[in-house]
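Take a look at the structure below.
All of these numbers come straight from a predicted model, not from anything done at the bench.
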Amino acid sequence: MIKKDKRIDEYIARSEAFSKPILLHIRKLVHQACPEVQENIKWGFPHFDYKGIMCSMASFKNHCAFGFWKYALMKDAQQMADNNENAMGHLGKIKSLQDLPSDKKIIAWVKEAMQLNDKDIKLPERKKKDKKEIVVPDALQTALNKNKKALEHFTGFPPSHKREYIEWITEAKTDETRNRRIAQTVEWVAEGKGRNWKYERK
């Protein structure tokens, strides 16, 4: 028997009309692929756990997102990382059921994520880098200056949070990617979120 968390029912009910069929479909496929899955709410949005966090979904004003906790270890990691440039999840901005991959593909991903947790394969630890003076790129500083909340939060961030955003921006290989990351940075920082807020444990 499928075990559902009432909090996720409520989350879906509160979501925008366009997102309801998307969230319901993702939820159905996760349960289909992993009958033992446990539903949960973490960081304010639905998560699906199986021997640890497995995947999550979220609804925003104009799109939905779906992502995997250990995507970096999955076969389609690069594709998922590329999609993550434009949205929080690993399928890009999902605005309709047509934006989703095939049911077969999603089920295969969920099963792959299950296997990673079955084998207790951990995400690699982030390498510690030598602490350097924090230099905010001019383009980022200009964008922050235009958003009072973002500037206030960024100024109050610990050095590690600032570095994560700055490194993410400076590692961009094209101006288009850099500008997109700056815009995303301002949006998240204005909400008081660190670069890796969706992976941070409470």
Side-chain angles (χ1 to χ4, degrees), residues 15-16 18-19 22-23 26 42-47 53 55-101 105-106 109 113 123-124 126-127 129 132-201:
S15 299
E16 300 289 340
F18 82 90
S19 67
I22 298 170
L23 299 176
I26 290 173
K42 294 185 176 81
W43 307 295
F45 55 95
H47 279 67
I53 300 175
C55 54
S56 62
M57 63 182 185
S59 174
F60 301 96
K61 187 175 181 180
N62 298 311
H63 71 278
C64 293
F66 180 53
F68 291 86
W69 183 258
K70 297 179 179 177
Y71 82 93
L73 302 175
M74 296 173 68
K75 294 175 183 176
D76 292 325
Q78 187 56 56
Q79 176 189 340
M80 291 180 175
D82 291 342
N83 288 334
N84 188 233
E85 289 286 345
N86 298 314
M88 186 182 82
H90 300 122
L91 300 185
K93 292 183 178 180
I94 308 166
K95 298 183 179 181
S96 70
L97 287 170
Q98 286 68 42
D99 291 334
L100 289 171
K105 184 71 170 176
I106 293 175
W109 278 337
L123 285 167
R126 297 186 64 181
K127 293 181 179 178
K129 298 182 179 180
K132 299 178 182 177
E133 182 183 354
I134 297 174
V135 179
V136 180
D138 291 340
L140 173 58
Q141 189 64 60
T142 299
L144 289 170
N145 289 342
K146 294 178 181 178
N147 188 309
K148 186 177 179 181
K149 280 190 176 180
L151 180 61
E152 182 180 337
H153 284 305
F154 191 82
T155 301
F157 273 170
S160 59
H161 277 42
K162 293 179 181 178
R163 285 194 186 92
E164 285 169 351
Y165 273 122
I166 291 170
E167 287 174 2
W168 185 49
I169 290 167
T170 56
E171 286 169 359
K173 290 182 170 50
T174 66
D175 289 343
E176 181 184 357
T177 299
R178 180 181 63 95
N179 293 335
R180 192 166 59 236
R181 290 183 179 181
I182 288 174
Q184 182 67 81
T185 294
V186 172
E187 180 183 334
W188 282 346
V189 172
E191 297 173 5
K193 297 174 178 176
R195 161 76 183 107
N196 297 303
W197 63 272
K198 53 184 178 290
Y199 303 124
E200 293 170 357
R201 293 181 180 275

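A donor atom on one side chain and an acceptor atom on the other are not found under 3.5 Å apart for Glu176 and Thr174.
The two residues Lys61 and Glu16 make their nearest non-hydrogen contact at O-CG, 3.5 Å. The two residues Pro137 and Thr170 make their nearest non-hydrogen contact at CG-CG2, 4.0 Å. Between Cys64 and Leu23, the closest heavy-atom pair is SG-CD2, 4.2 Å.
By the 4.5 Å heavy-atom criterion applied to side chains, Ile94 and His63 are not counted as neighbours. Residues Glu171 and Arg181 have side chains in contact (heavy-atom distance under 4.5 Å, counting atoms from C-beta outward). Residues Ser56 and Phe68 have side chains not in contact (no heavy-atom distance under 4.5 Å, counting atoms from C-beta outward). A heavy-atom distance below 4.5 Å is found between the side chains of Trp109 and Pro101. A heavy-atom distance below 4.5 Å is found between the side chains of Lys42 and Ile53. Using a 4.5 Å cut-off on side-chain heavy atoms (C-beta onward), Leu151 and Gln141 make contact. For the pair Leu91 and Asp99, the minimum side-chain heavy-atom distance is 4.5 Å or more. Counting heavy atoms from C-beta outward, Phe154 and Val186 have side chains that stay 4.5 Å or more apart.
Listed for the Thr142 side chain is a donor-acceptor partner under 3.5 Å among the backbone atoms of Asp138. Side-chain N or O atoms of Thr177 include none that pairs as donor or acceptor with a backbone N or O of Lys173 at under 3.5 Å.
Here CD of Gln184 is found 13.5 Å from CG of Asn179. Values are rounded to the nearest 0.5 Å. Taking CZ of Phe66 as the reference point, atom CG of Leu100 lies at 9.0 Å (rounded to 0.5 Å). Taking CZ of Phe60 as the reference point, atom OG of Ser15 lies at 10.5 Å (rounded to 0.5 Å). Atom NE2 of residue His153 and atom CG of residue Leu144 lie 11.5 Å apart, to the nearest 0.5 angstrom.
Applying the 6.0 Å contact sphere to CG of Asn145 captures more than 12 heavy atoms from other residues, nucleotides or ligands.
In this structure, Trp188 and Tyr165 have tilted ring planes: the angle between them lies in the 30° to 60° band.
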Quiz item: Between Val135 and Ile166, is a side-chain contact (heavy atoms from CB on, under 4.5 Å) present by the stated rule, with each step listed?
Solution: CA-CA 8 Å; Val135 179; Ile166 291 170; over 6 Å; no
Practice problem: Before giving the answer on side-chain contact (heavy atoms from CB on, under 4.5 Å), spell out for Ser59 and Phe45 the whole-Å C-alpha distance, their side-chain angles and the decisive distance to 0.1 Å. | Solution: CA-CA 8 Å; Ser59 174; Phe45 55 95; over 6 Å; no
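Between Lys105 and Asp76, at least one side-chain N (NZ, or NE/NH1/NH2) sits under 4.0 Å from a carboxylate O, which counts as a salt bridge. Using a 4.0 Å cut-off between charged side-chain N and carboxylate O, Glu152 and Lys148 make no salt bridge.
Here Phe157 pairs with His161 under the ring pair (Phe, Tyr, Trp, His ring centres under 6.0 Å) rule; sequence neighbours left out.
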